[in-house]
Amino acid sequence: MFDDVNDLYQQVILDHCRKPRNFHELPAATCSAQGHNPLCGDNLKLFLTLEGEVIKDASFVGSGCCISKASASLLTDNIKGKTKAEAEKTFERVREMVTTGTVNGDVGKLAVFAGVHKYPARVKCAILSWHALMGALKGEAAPVTTESEQN
Ligand code: ZN
């Protein structure tokens with residue numbers, strides 16, 4: 001599925017898929033959210049430790065395909081130390097990137113998912129953890145599902 005995507009990007013995704021970072025529960029979490037992508041069967045739970053407006057720590061558990069795990073792994077690395085507003089901005093950038101392939105602003109390593117827009121069935125896998133993040137930040141009690149989203 002990645003035949004025309006940059007090899008380096010593919011390697012980063014495979015590495016995070018096989019050895020996901022921050023892959024554990026967070027006992028001190030102040031909020032969490034469950035994300036579910038019924039199209040693929042991805043299920044993950046995201047944990048955040050908020051201190052005021054700042055995301056001090058982030059982690060996740062769950063199971064899913066390589067893209068969803070790599071996405072959650074890179075997400076947790078990316079948002080640590082960010083404010084809620086910065087995390088929301090990153091979410092908007094990632095969403096635009098995985099749906100259109102356009103990278104707006106600095107997304108760091110998350111740029112490895114830019115090629116996902118060529119595989120519409122995989123977009124929800126890549127964005128799932130980000131929807132869970134938004135759910136956690138908004139304090140939504142109900143599980144977040146990609147089915148309510150058009151992308
Ligand atoms: Zn998936």
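Just so you know, ligand 1 is whichever comes first in the structure, and atom 1 is the first atom listed for that ligand. Numbers for residues simply follow the sequence, beginning at 1. Computed from a prediction, not measured in an experiment: that's the story for all the values here.
The N, O or S atom of Asp42 with the smallest distance to the Zn ion (ligand 1) is OD2.
Between Asp57 and Lys80 the shortest side-chain heavy-atom distance falls below 4.5 Å. Using a 4.5 Å heavy-atom cutoff, the side chains of Asn78 and Val107 are not in contact.
Neither Ile79 nor Leu26 shares a network with the other; the hydrophobic side chains, linked directly or stepwise wherever heavy atoms of I, L, V, M, F, W or Y lie under 4.5 Å apart, form separate groups for each.
Geometry at the Zn ion (ligand 1): SG/Cys40 and SG/Cys125 form an angle of 110°, nearest 10 degrees.
For the two cysteine residues Cys66 and Cys17, the thiol sulfurs sit under 2.5 Å apart.
None of the N, O or S atoms belonging to Cys66 lies under 2.8 Å away from the Zn ion (ligand 1).
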